[in-house]
Amino acid sequence: MIRLYAGRFRFVIALLLGLAGSQWVLADASVDRVVGKAYDLKTGALLYRETHTLNNEIQNVEYSEPDGQVFGHKKIDYSQSKTAPSYTQVNERNGEVVKVVSTPQTITISYKKNRESQPEVATLQFEQGVLVDAGFNNFIKEYWQALNNGTKMDVKFVVPSRQTEIGFVIARSQCKPGTQKGAECFSMTPRAWWVKLLVDPIVVAYDPSDKRLLRYTGRGNVANRNGDYPDVDIQYQYLKTPVKDSDQNVTY
């Protein structure tokens, strides 16, 4: 089993894994950017948008309110590791700042909860197979065949806000209702019973033809103004570079 490192349940994975786009998601040269629309899982209301762009091994994410006002940014650096990247995330809604620096020897974490708090800093020893933030998408791709064959993978994630460990099991699962037909879905379920009481399994859906992330449902990693992390349903669009036709109209 692959062993990884984790932290606070309120800041668990988001793929996107806000979780949520990763480097390989944007590897197709025909894709200019990826836009994820995050809806409240209970009410269906649009909470925010996240726009992903990639420049070599640097992925940038811009977070915006439903009215278009930008409130946050994330910069992910895959140069040291595809599954344990370094990243910085700033949320101007409440002043939250996350910084993770990954090296071949250590992972250094700095977490600032809000504008009034001071950063909490911790250093973990780097171990083979450690997952950080959107790096889980590369993990899914690497073990795609094994997961589709029914293998359950016992993992842990680096979650900065408590600099501690929480284990998860990644396995193939049924898709949520309303997911695109033909999608392949995987669940991420907490191992500890007390975490299961607080966090429902996360379910992610992929297009099996190109392994692009289509949908993420579960606890988000973008706090609201109160510092809470709502359960979200993030649906992704892959947009091509605009091309002008003969009438000077922009098409996609």
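From Tyr143, atom OH reaches atom CZ of Phe186 across 14.0 Å, with rounding to the nearest 0.5 Å. For the atom pair NZ (Lys240) and CZ (Arg33), the distance works out to 13.0 Å, reported to the nearest 0.5 Å. If you take CG on Asn91 and CG on Asn224, they are separated by 9.0 Å, rounding to the nearest 0.5 Å. Rounding to the nearest 0.5 Å gives a distance of 8.0 Å between CD of Gln235 and OG1 of Thr179. Between atom SG of residue Cys185 and atom OH of residue Tyr206 there is a gap of 10.0 Å, rounded to the nearest 0.5 Å. Of the inter-residue distances, the one linking Thr106 atom OG1 with Leu124 atom CG reads 9.0 Å to the nearest 0.5 angstrom.
Cluster annotation: Val222 is connected to Val199 through the hydrophobic network of ILVMFWY side chains, with a link wherever side-chain heavy atoms come within less than 4.5 Å. There is no path of hydrophobic side-chain contacts, each under 4.5 Å, that joins Val169 to Leu197. Put simply, Val195 and Ile170 are part of the same group of oily side chains (I, L, V, M, F, W, Y) that touch within less than 4.5 Å, one to the next. Under the 4.5 Å side-chain heavy-atom criterion for Ile, Leu, Val, Met, Phe, Trp and Tyr, Val61 and Val101 are members of distinct hydrophobic clusters. Under a hydrophobic-cluster definition in which Ile, Leu, Val, Met, Phe, Trp and Tyr are linked whenever side-chain heavy atoms come within less than 4.5 Å, directly or via other members, Leu213 and Leu147 are assigned to the same cluster.
Considering only heavy atoms from C-beta on, Val204 stays 4.5 Å or farther from Asn137 through its side chain. Counting heavy atoms from C-beta outward, Pro201 and Phe168 have side chains that stay 4.5 Å or more apart. Within the 4.5 Å cutoff, the side chain of Val132 has heavy atoms near those of the Tyr87 side chain. Leu214 has its side chain within reach of Asp207: a pair of non-hydrogen atoms, C-beta onward, lies under 4.5 Å apart. Taking 4.5 Å as the limit, some side-chain heavy atom of Tyr63 sits within range of a side-chain heavy atom of Gln89. For the pair Asn60 and His73, the minimum side-chain heavy-atom distance is 4.5 Å or more. Looking only at side-chain heavy atoms (C-beta outward), His52 and Gln59 come within less than 4.5 Å of each other. Contact of the Tyr48 side chain with the Ile234 side chain is registered, since non-hydrogen atoms from C-beta on lie closer than 4.5 Å.
For the pair Ser187 (side chain) and Thr189 (backbone), a donor-acceptor distance under 3.5 Å is absent. Between the Arg93 side chain and the Ala223 main chain, a donor and an acceptor come within less than 3.5 Å of each other. Listed for the Asn94 side chain is a donor-acceptor partner under 3.5 Å among the backbone atoms of Glu96. For Ser117 (side chain) and Lys113 (main-chain N/O), a donor-acceptor pair under 3.5 Å exists by modelled atom type.
Residues meeting the side-chain contact (heavy atoms from CB on, under 4.5 Å) test with Gln118, sequence neighbours left out: none. Partners of Lys37 by side-chain contact (heavy atoms from CB on, under 4.5 Å), not counting sequence neighbours, listed by chain and number: Tyr39, Leu46, Arg49, Gln237. Among residues two or more places apart in sequence or in another chain, the side-chain hydrogen bond (donor to acceptor under 3.5 Å, both in side chains) test is passed with Asn149 by Gln145. The side-chain contact (heavy atoms from CB on, under 4.5 Å) search around Asp77 returns Ile58, Ser79, Ser86, not counting sequence neighbours.
Apart from Leu41 itself, the hydrophobic cluster it occupies contains nothing, where clustering links Ile, Leu, Val, Met, Phe, Trp and Tyr at side-chain heavy-atom distances under 4.5 Å. Applying the 4.5 Å side-chain rule to ILVMFWY residues, one finds Val90 in the same cluster as Val97.
Between Val155 and Phe139, the shortest heavy-atom distance links the atoms CG1-CZ, 3.7 Å. Residues Ala84 and Phe126 share a closest heavy-atom pair of CB-CE1, 3.8 Å. When all heavy atoms of Ala183 and Cys175 are compared, the pair lying nearest together is O-SG, 3.7 Å. Minimum heavy-atom separation, Glu120 to Ser161: OE1-O, 3.8 Å. Of all heavy-atom pairs between Ile202 and Gly218, the closest is CG1-CA, 4.1 Å. Scanning all heavy atoms of the two residues, the minimum distance from Pro160 to Tyr111 falls at O-CB, 3.8 Å.
Residue Ser102 forms a side chain to side chain contact (heavy atoms under 4.5 Å, CB included) with just one option from Ile107, Thr83, Thr108, and that option is Ile107. Of the candidates Lys75, Lys99, Lys74, Lys82, Lys74 is the only one forming a salt bridge (Lys or Arg N to Asp or Glu O under 4.0 Å) with Asp133.
Taking a cutoff of 4.0 Å between a charged side-chain nitrogen and a carboxylate oxygen, Lys42 and Asp231 do not qualify as a salt bridge.
Cation-pi geometry between Arg219 and Tyr229 is not satisfied (NZ or CZ under 6.0 Å from the ring centre, within 45° of the ring normal).
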